[in-house]
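Predicted model only: the values in this text are computed from it and were never measured. Each ligand, and each atom within it, is numbered from 1 in the order the structure gives.
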Amino acid sequence: MTEVNTTPFDGQKPGTSGLRKKVSVFQKPNYLENFVQSIFDSVPELAGGTLILGGDGRFYNDVAIQTILRMAAANGVARTIIGQNGLFSTPAVSNLIRLHKANGGIILSASHNPGGPKGDFGLKFNGENGGPAAEAVTDAIYERTQHIDRYKIAKGNDLNLSDIGETHLGDMTVMVIDPVADYLTMMEALFDFDAIKNLLDGKRICFDAMHAITGPYAKAIFCERLGLPEDSVINGIPLPDFGGGHPDPNPVYAKELFDTMFSDNAPFFGAASDGDGDRNIVLGPNIYISPSDSIAVLAANATDVPGYENGIPGVARSMPTSRAVDVVAKDLGIEYFETPTGWKFFGNLLDAGRIALCGEESAGASSDHIREKDGLWAILMWLNILAARHQSVENVISDHWLAYGRHYYSRHDYEGVNKEKAEAVMSGLSKKLESLVGQSFKDETISKADNFSYHDPVDGSVSHNQGLRVEFESGSRFVIRLSGTGTVGATLRLYLEKYEPKAGDLKQDVQTALRPIAEIAEEIAAIKSTIDRNEPTLVS
Ligand code: VG1
Ligand code: CO
């Protein structure tokens, strides 16, 4: 065990979901070490405690994991539980923290960001409830990174992580476990696998693992447990660079899946997850379910699924997520909450039992079974609901809109934008907000315009500056915020939403339905002219 002198790095502030930087930044001498030591210094319970450790297998996972193991040993961690070959999905880590009553978990991932030597790397710290560390903890970690002057590390050879079993590093016990087994057990407890098996008998599905972490999980569930053919899982082998792809399950990056689902001979069901397995998308033949709608469907039909047959106490969504799930909650007579972007804000509500289901427009949904979003869980929820209702994806969503109306929804991302210009858009709109209320644009009149602050109803903490929202009397709205996960320049996100009551036209083209709102947003916020762009980089 040795102590190594070091000096602080600027900018080790965790964003929406952990610290994310280019691989080349993480490769700088002491960069990773400084951040990891700051975690150990800020979370003293880890000394003498249990740590869960694993990552999505992206480039540098194997190197970083050995460093973290040696640092855990030197910082007095009693036991580290690590996935075979250093692999765990994000939801699997959340489950294992809870299962083993661990003091925390470290997940090596930059989620949906590209990997490889020129790609991104990241590190997330989750606390003892299994969820992303609360802001107070990430603030403390950041504060520590600014003053750090030494780190502790054990010397020695790399540990062999390919064999399941127990070994030691100094006084620390290292348990290498199968990354999939406990996750599968948890899914078995929540879902009616026999009903899903009956549903899929003679039908085809296509799950796109995008060469990321869910390959082994999906094969265990769909091929081994449900007996579906091998080709039900595509891109199922995790690769350090995700096969050169971008493991973000949206219409642009999951093109292979979308092409399959929008072909003449489309399978009955399609789905995908992201780099670290916490996101999901669901498709039927020639139909793609908007993630915001998906959350609403899961909430409306939760009692069809064994794990939720007694009903759910409440739901929550991140602020930019469409309000489709609010409509369901009102109908069910349960509580509903609006939180800032990022899963850490759901933790208190879940721990307090106020909600049992939550989600984000960015393809994240989950329940109180863990404290992270969970891609395969959401996909199994859908399959279980389809099985219970004896319906197709298209029938379920059509029925949903007929019952609750439809929230047309889209996100327009402007990536790699000059930071000052992106900030100019935000400050320009911020200054205008108050004067906007009561003004009319086209057919819309603004009823509310503010900078979202969240008051946590459980611990009373307040989080300011969580996005600018402009709402219209019609129920439509737009939201603008800056991403906290990008690594190049700034990413500006424009979220558009238009509510169509159930008696209205429920089958419009999404971008056409939203065009007036997009035009008003541009008129008010002047995004394109301020950042010198003609079009968004990505529309989802
Ligand atoms: C994005 C999404 C947000 C999500 C976060 C982490 O954050 O918008 O909803 O929680 O990514 O997801 P941002 O700040 O870039 O908008 V993951 O799958 O990257 O852990
Ligand atoms: Co993710």
> Would you say the side chains of K124 and T90 form a donor-acceptor pair under 3.5 Å?
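Looking only at side-chain atoms, T90 and K124 do form a donor-acceptor pair, the distance falling under 3.5 Å.
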
> Has E128 got more than 12 heavy atoms of other residues, nucleotides or ligands less than 6.0 Å from its CD?
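No.
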
> Among all protein heavy atoms, pick the one closest to atom 9 (O) of ligand 1 and tell me residue, atom and distance.
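Checked against all protein heavy atoms, atom 9 (O) of ligand 1 sits closest to S362 OG, 2.6 Å.
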
> Between ligand 1 and E372, can you find any atom pair, the residue atom being a heavy atom, that is separated by under 4.0 Å?
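Judged by the 4.0 Å heavy-atom criterion, E372 does not count as contacting ligand 1.
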
> Quick one: report the N, O or S atom of D276 that is nearest to the Co ion (ligand 2).
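Distance check against the Co ion (ligand 2) picks out OD1 in D276.
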
> Of all the N, O or S atoms in D274, which has the shortest distance to the Co ion (ligand 2)?
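The nearest such atom is OD2.
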
> So between R20, R279, K124, E361, whose heavy atom ends up nearest atom 1 (C) of ligand 1?
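The residue whose heavy atom sits nearest atom 1 (C) of ligand 1 is R279.
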
> So, R323 and E471, do they make that salt bridge, N to O below 4.0 Å?
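Salt bridge between R323 and E471, a charged N being under 4.0 Å from a carboxylate O: yes.
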
> Taking ring pair (Phe, Tyr, Trp, His ring centres under 6.0 Å) as the criterion, tell me which of F207, Y183, F88, F222 meets it with Y217.
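Checked F207, Y183, F88, F222 against Y217; only one passes ring pair (Phe, Tyr, Trp, His ring centres under 6.0 Å): Y183.
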
> Do we see a donor-acceptor contact under 3.5 Å between the side chains of Q12 and N34?
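No, N34 and Q12 have no side-chain donor paired with an acceptor closer than 3.5 Å.
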
> Does ligand 1 have any atom sitting under 4.0 Å from a heavy atom of R411?
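For ligand 1, residue contact (heavy atoms, under 4.0 Å) with R411 is present.
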
> Does D10, at its CG atom, have more than 12 non-hydrogen atoms belonging to other residues, nucleotides or ligands within less than 6.0 Å?
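At most 12 heavy atoms, drawn from other residues, nucleotides or ligands, come within 6.0 Å of this atom.
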
> Just give me the atom name: the N, O or S atom of D278 closest to the Co ion (ligand 2).
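Within D278, restricted to N, O or S, the Co ion (ligand 2) is closest to atom OD1.
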
> Among H112, K373, M319, E360, which one puts a heavy atom closest to atom 12 (O) of ligand 1?
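It is K373 that holds the nearest heavy atom.
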
> For atom 16 (O) of ligand 1, what is the closest protein heavy atom, and at what distance to 0.1 Å?
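Going by distance alone, atom 16 (O) of ligand 1 is nearest to R481 NH1, 2.6 Å.
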
> Side chains of S540 and N250: donor-acceptor distance under 3.5 Å anywhere?
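Checked: S540/N250 side chains show no N/O donor-acceptor pair below 3.5 Å.
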
> Within the structure, is a non-hydrogen atom of G342 found at a distance of less than 4.0 Å from ligand 1?
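The answer is yes: ligand 1 sits under 4.0 Å from a heavy atom of G342.
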
> Do R406 and Y499 have side-chain atoms, one donor and one acceptor, less than 3.5 Å apart?
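Note: R406 and Y499 side chains miss the donor-acceptor criterion.
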
> Record the part of T485 in heavy-atom contact with ligand 1 below 4.0 Å; permitted values are side chain, backbone, both and neither.
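The part of T485 near ligand 1 is both the backbone and the side chain.
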
> Report yes or no: does S17 have an N/O/S atom closer than 2.8 Å to the Co ion (ligand 2)?
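For S17, the answer is no, given that no N, O or S atom comes within less than 2.8 Å of the Co ion (ligand 2).
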
> Pick one of side chain, backbone, both or neither for how T491 approaches ligand 1, counting any non-hydrogen atom pair under 4.0 Å.
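For T491, no heavy atom sits under 4.0 Å from ligand 1.
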
> Over 60° means perpendicular and under 30° means parallel, so classify the ring planes of Y404 and H400, tilted if in between.
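Rings of H400 and Y404: tilted, 30 to 60°.
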
> Could you check atom 14 (O) of ligand 1 against the protein and tell me its nearest heavy-atom contact, residue, atom and distance included?
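Residue, atom and distance for the closest contact: T16 OG1, 2.4 Å.
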
